[in-house]
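None of the values given here were measured: they were computed from a predicted structure. Per chain, numbering begins at 1; letters A, B, ... match sequence-line order.
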Protein chains: 2
Amino acid sequence: MTARSSRRGPYVCGIDAALDVVSGKWKGLILWELDAHHVRRFAQLRRGLPGVSEKMLTQHLREMEEDGLVHREVFAEVPPRVEYSLTEHGRTLNQALGSLGAWGIERIDREGSEVVATGETSHARTR
Amino acid sequence: MTARSSRRGPYVCGIDAALDVVSGKWKGLILWELDAHHVRRFAQLRRGLPGVSEKMLTQHLREMEEDGLVHREVFAEVPPRVEYSLTEHGRTLNQALGSLGAWGIERIDREGSEVVATGETSHARTR
DNA sequence: CGGTATCCGAATTGATACTG
DNA sequence: CAGTATCAATTCGGATACCG
């Protein structure tokens, strides 16, 4: 029940509706990680998002699941295993984010801002 | 000095960098208004964004100016006049947001969420 | 007209500890 | 391993009030 209000309000336009779904400090990155790796476990995602807390990761993942972006599969094993992946909607959203990502790369380039590597795959590709 | 920290940190990928620039409750809409009208004065923008306060509008406008998205032109007249328009970067960003907007429209459609009109131009176009 | 300054409550994010 | 619970800190957003 943590902070589910104020989201999903009536939207003024499609950009509004799309941004609502990717707002949050880590959602863009989660989308990115899941797109790159197809399937990821909780701990893998946490390692891929340096600085994220378990709470925020869980919270974002739940919201994205609720939004139909992410699929969560629980395996009844010991030790427990949970795998996250993108749904069809999540994949199309990622494609839509593609051009935005390209714009961002150019912006980073222009401003000479620094891009930090996560130690995993190269994230600064243009798709 | 109002809340300028914590933004423009090192980015993990282009989507990160782009989302940083459009986060904020009204930035997407400001971009949209300026794209549709080309040039807008402060009061016109305020009317185009029903519910926004002067503070938030100023704050967002300043950040977007700092990010090189918006051009601000002050005329030394009485009464004072200030005109806002998109820069080249702002226009390309808007194009990149186009596919995201289309995705959002589909999402609204799928979920049956409501789209509220602002009373100005039709914002729900697909571009 | 086009802002700025200040205060306040709400929402978001973070740190830490604990659990099945 | 994959979370949940709790509390604290930070940030966001809105309501005035005032200024060049």
Side-chain angles (χ1 to χ4, degrees), chain A residues 1-9 12 16 19-30 33-34 37 39-67 70-85, chain B residues 1-9 12 16 19-30 33-34 39-66 70-85:
Chain A
M1 237 61 98
T2 329
R4 195 185 290 111
S5 48
S6 95
R7 287 171 35 86
R8 279 159 269 274
V12 175
D16 216 17
L19 285 180
D20 185 24
V21 144
V22 291
S23 343
K25 201 170 184 179
W26 307 95
K27 290 197 182 171
L29 268 2
I30 292 173
E33 283 287 318
L34 290 181
H37 299 283
V39 176
R40 291 258 99 173
R41 298 180 58 173
F42 188 84
Q44 290 180 312
L45 279 173
R46 186 167 36 155
R47 279 191 291 275
L49 278 57
V52 75
S53 64
E54 290 98 335
K55 188 182 108 179
M56 292 314 301
L57 184 52
T58 303
Q59 197 172 300
H60 280 150
L61 248 11
R62 289 292 136 82
E63 288 183 3
M64 293 169 79
E65 191 189 355
E66 210 179 308
D67 285 332
V70 163
H71 173 68
R72 178 170 181 264
E73 189 154 11
V74 183
F75 296 85
E77 302 176 357
V78 175
R81 179 161 58 115
V82 179
E83 289 187 346
Y84 293 93
S85 56
Chain B
M1 239 60 100
T2 330
R4 196 187 289 112
S5 48
S6 96
R7 288 171 33 85
R8 278 158 272 274
V12 176
D16 214 18
L19 285 180
D20 185 24
V21 144
V22 291
S23 340
K25 200 170 182 179
W26 307 94
K27 289 196 181 170
L29 268 2
I30 292 173
E33 283 288 315
L34 289 181
V39 176
R40 292 258 99 174
R41 296 181 59 175
F42 187 84
Q44 290 180 311
L45 279 173
R46 189 167 34 156
R47 278 191 291 274
L49 279 57
V52 74
S53 63
E54 291 98 335
K55 185 181 110 178
M56 291 315 300
L57 184 53
T58 304
Q59 197 173 297
H60 281 151
L61 248 12
R62 288 294 134 83
E63 288 183 2
M64 293 169 79
E65 192 189 354
E66 212 179 306
V70 163
H71 172 68
R72 178 170 181 262
E73 189 154 12
V74 183
F75 296 85
E77 302 176 358
V78 175
R81 179 161 58 113
V82 180
E83 289 187 348
Y84 293 92
S85 56

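- Each end of the helix from dC1(C)-dG20(D) to dG20(C)-dC1(D) yields a helix axis from five base pairs, and these two axes differ in direction by 50° (to the nearest 10 degrees).
- Legend: residues meeting salt bridge (Lys or Arg N to Asp or Glu O under 4.0 Å) with Glu77(B), ordered by chain and number and at least two apart, are Arg81(B).
- Put simply, Trp26(A) has a side-chain N or O that comes within less than 4.0 Å of OP1 or OP2 on dG14(C).
- Residues satisfying the salt bridge (Lys or Arg N to Asp or Glu O under 4.0 Å) test with Arg72(A), not counting sequence neighbours, are none.
- With rounding to the nearest 0.5 angstrom, the CE atom of Met64(A) is 14.5 Å from the NE2 atom of His71(A).
- Separation of atoms CD (Glu33(A)) and CZ (Arg40(A)) is listed at 6.5 Å; rounding is to 0.5 Å.
- The phosphate of dG14(C) has OP1 or OP2 within less than 4.0 Å of a side-chain N or O from Lys25(A).
- For Arg62(A), the salt bridge (Lys or Arg N to Asp or Glu O under 4.0 Å) partners at least two apart in sequence or on another chain are Glu65(A).
- Both His60(B) and Arg81(A) lie near DNA chain D, and the one whose nearest nucleotide falls closer to the 5' end is Arg81(A).
- For Arg46(B), the salt bridge (Lys or Arg N to Asp or Glu O under 4.0 Å) test picks out Glu54(B), with sequence neighbours left out.
- Taking atom CZ on Arg46(B) and atom P on dG3(C), their separation rounds to 10 Å, with Å as the unit.
- Remark: C1' of dT11(D) and CD of Glu63(B) are 12 Å apart, rounded to the nearest angstrom.
- Heavy-atom minimum distance, Tyr84(B) versus Leu34(B): O-CD2, 3.6 Å.
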Which protein N or O atoms sit under 3.5 Å from an N or O of nucleotides 4-8 of chain D?
| residue | atom | partner | partner atom | Å |
| --- | --- | --- | --- | --- |
| dT4(D) | OP1 | Arg62(A) | NH1 | 3.0 |

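- At least one side-chain nitrogen or oxygen of Arg41(A) sits closer than 4.0 Å to the OP1 or OP2 atom of dA2(D).
- Remark: P of dA15(C) and CG of Leu57(A) are 14 Å apart, rounded to the nearest angstrom.
- Among all heavy-atom pairs drawn from Leu19(B) and Gly28(A), the shortest one is CD1-CA, 4.2 Å.
- Contact between the side-chain N/O atoms of Tyr84(A) and the OP1/OP2 oxygens of dC1(D) is not found at any separation under 4.0 Å.
- No contact: Phe75(B) has no heavy atom under 4.0 Å from any strand.
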